[in-house]
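Letters A, B, ... are given to chains in the order of the sequence lines, protein chains preceding strands, and every chain is numbered from 1.
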Amino acid sequence: MPFETVNSKVVRARVSPQAPVLARRGAMLGYSGRVGFRPVRGQGGGMAGFLGAAVSGETNPMMATEGQGEVLYGYRGLHVTVLELDGSAPLVCEADRLLAHDAGLQTSVQFLGSGGVRAAVGGAMTGQGLFTTNVHGRGAVALLSHGGAFPLQVAGTSIGVDPQAYVGHVGQLQVDVAARMGLRDAVGRGSGEAFQLRISGSGTVYVQASEQKF
Amino acid sequence: MQTWNPATLPADDNVNPHVFCVALSGEWFMAKGAMLAYYGDVRFEAVTAYSSVASWVAARFSSPVYVQDWVVAAGHGKVLLGDRGFDLNAYDLDDGNLTIKANNLLAFDQRLELKQSIVPGFVTLLGTGKFIASSNGPVIFVEPPFRADPDALLGWADCPSPSVHHDTEWMSASMAGMLQGAMGRASGEERQYDFTGQGTVLLQSSEIAREDPAVLRLIESQTQLLTTSQAGTLGQRLVARAQQQQH
């Protein structure tokens, strides 16, 4: 496990030549040892990944941390949650929630939701990104959240999540943007919870204790 | 880190300091945006829409200014609440009254009655029941006599509504003519809310400013007290202030 939590908002990463770390640019707080930082593009996956990132706007300036030493990461006083991915299913989240991850993990851009114009309109109106980042492989990820993220299990049933409070998910899950209200609600006179993400299947959803993004 | 599911989530208790879980069975009033996630069969309806199917809603929610910022959650399930990552606490009222900053009130059960406080930006809960409120840092309880900074004041219970106290030095300077008019002169600590009598005052670490849309509606409704010429003067001053702040 390369990430160790120092407190709720700072993690310490052990970097070695065999295990470099990718981190959000500007998130390095301090380090010890012989460590170098090199800017990289946020999206892997070659040309397809590059195009996907350009089209979606789902990109994030990242840097590779290489060498031998210990590095502290944190960003704007946001809470940090460390997840361990076992490789069975990707982590789905927005790119700018990624504080740091094992360089061995692959990232790619994915379209969120079941598709169709209805879902697209719903996503645009809630401010929730239509495109999200998938993190594949086996390794550790440090995620940013406002107010701290907590895991909720979905097993067979479904769960409703406020799009502003949604952080990410892991597992065989289907995400639908449920815009079940009419146009009247979209302009703010109806229920404030008119737009919801309906998440069903089996897996874990991460939710933060705030409606603020950052 | 524990992964929660509907069975392991607490019933009407904190999941962690920033998240509260309501075991819903029936109806609760909830502030728009307070819901983070929910399990079960729960519907969220605007208070205005719900009042057409449940006539008691109008009797419980007695505040036209705030009604559009609230929803009724109805059904059965577990609803998770949060607000800006603030600390969340549940309070039980037993045939009592408590006034709280409207921005910090997240939810209350349908046995309680909500009314607008005389103090702008605050609402009063009356009766017996449970409500959930947020605070920036833990809540501090103090007893009157006490003067509270308006930003740090979270609410008060059982004591009379506060009066506004102005710092004596600021007042004497003001009366000496160095400062004039109420507008655009607020600069810091010269104004406090003054509590007297028996009761409890609730404080939080200083508020993180968030625009309360109801304050505009509240003040706008009070401009009906003005005569036409007074309203015109106020309009000119507001325009002047807006122009000044642009530069």
Side-chain angles (χ1 to χ4, degrees), chain A residues 5 8-9 77-79 81-84 126 143 145-167 169-171 178 180-182 184-185 188-200 202-214, chain B residues 1-10 14-21 24 29-50 66-75 77-88 106-107 134 136 208 210 213:
Chain A
T5 52
S8 64
K9 297 179 177 180
L78 292 164
H79 280 81
T81 308
V82 177
L83 309 182
E84 197 69 31
T126 55
L143 274 182
S145 65
H146 190 263
F150 57 98
L152 292 171
Q153 192 185 12
V154 182
T157 56
S158 71
I159 183 169
V161 180
D162 182 353
Q164 272 83 37
Y166 168 85
V167 172
H169 69 260
V170 181
R180 55 179 187 145
M181 312 292 169
R184 197 174 66 88
D185 300 292
R189 278 185 297 158
S191 155
E193 318 291 9
F195 290 110
Q196 291 166 7
L197 300 177
R198 292 297 306 176
I199 302 176
S200 52
S202 90
T204 307
V205 182
Y206 291 85
V207 176
Q208 67 174 12
S210 173
E211 321 79 59
Q212 284 174 14
K213 181 104 189 254
F214 294 138
Chain B
M1 190 163 48
Q2 185 181 355
T3 301
W4 301 97
N5 64 43
T8 57
L9 277 171
N14 278 74
V15 176
N16 64 45
H18 315 298
V19 180
F20 191 91
C21 179
L24 188 71
F29 290 99
M30 289 182 185
K32 274 188 188 176
M35 185 274 284
L36 302 173
Y38 68 91
Y39 288 105
D41 176 24
V42 182
R43 286 172 302 123
F44 296 89
E45 303 254 10
V47 171
T48 43
Y50 202 77
Y66 285 102
V67 74
Q68 47 196 289
D69 299 329
W70 284 77
V71 296
V72 174
K78 295 264 176 89
V79 181
L80 295 160
L81 303 172
D83 173 30
R84 291 169 278 179
F86 280 11
D87 287 20
L88 262 51
L106 298 192
S134 67
N136 188 1
I208 294 171
R210 180 172 73 169

Practice prompt. Nearest 0.5 Å please: distance from the CZ atom of A:Phe150 over to the CG atom of B:Leu36.
Written response: 5.0 Å
Worksheet, complete the sentence: In terms of heavy-atom pairs under 4.5 Å with chain A, the winner among B:Pro6, B:Ala37, B:Gly82 is B:Ala37
Worksheet item: How many angstroms lie between atom CG of A:Asp162 and atom CG of B:Leu81, to the nearest 0.5 angstrom?
Response: 11.0 Å
Discussion item. With heavy-atom distances below 4.5 Å as the criterion, would you say the side chains of B:Val19 and A:Val207 are in contact?
Written reply: no
Response to the item:
For A:Leu152 and B:Thr3 the tightest heavy-atom approach is C-CG2, 4.2 Å
Item to complete: Using non-hydrogen atoms and a 4.5 Å limit, figure out which bit of A:Ser158 sits close to chain B: side chain, backbone, both or neither.
Response: backbone
Practice prompt. Hey, could you give me the NE2/OG distance between B:His18 and A:Ser145, rounded to the nearest 0.5 Å?
Written response: 9.5 Å
Worksheet, complete the sentence: Per-residue tally against chain B (heavy atom, under 4.5 Å) across A:Gly160, A:Gly147, A:Ala165 peaks at A:Gly160
Worksheet item: So, for A:His146 and B:Arg84, which heavy atoms are closest and what is the spacing to 0.1 Å?
Response: CE1-O, 3.3 Å
Worksheet entry | ring pair (Phe, Tyr, Trp, His ring centres under 6.0 Å) partners for B:Phe29, two or more places apart | B:Phe61, B:Phe108
Item to complete: Please report the shortest heavy-atom distance between B:Gly85 and A:Ser210, naming the atom on each side.
Response: N-CB, 3.5 Å
Item to complete: Could you tell me which portion of B:Asp69 (side chain, backbone, both or neither) has an atom closer than 4.5 angstrom to a non-hydrogen atom of chain A?
Response: neither
Worksheet entry | Spatial distance of atom CD1 (A:Ile159) from atom CG (B:Asn5) [nearest 0.5 Å] | 10.0 Å
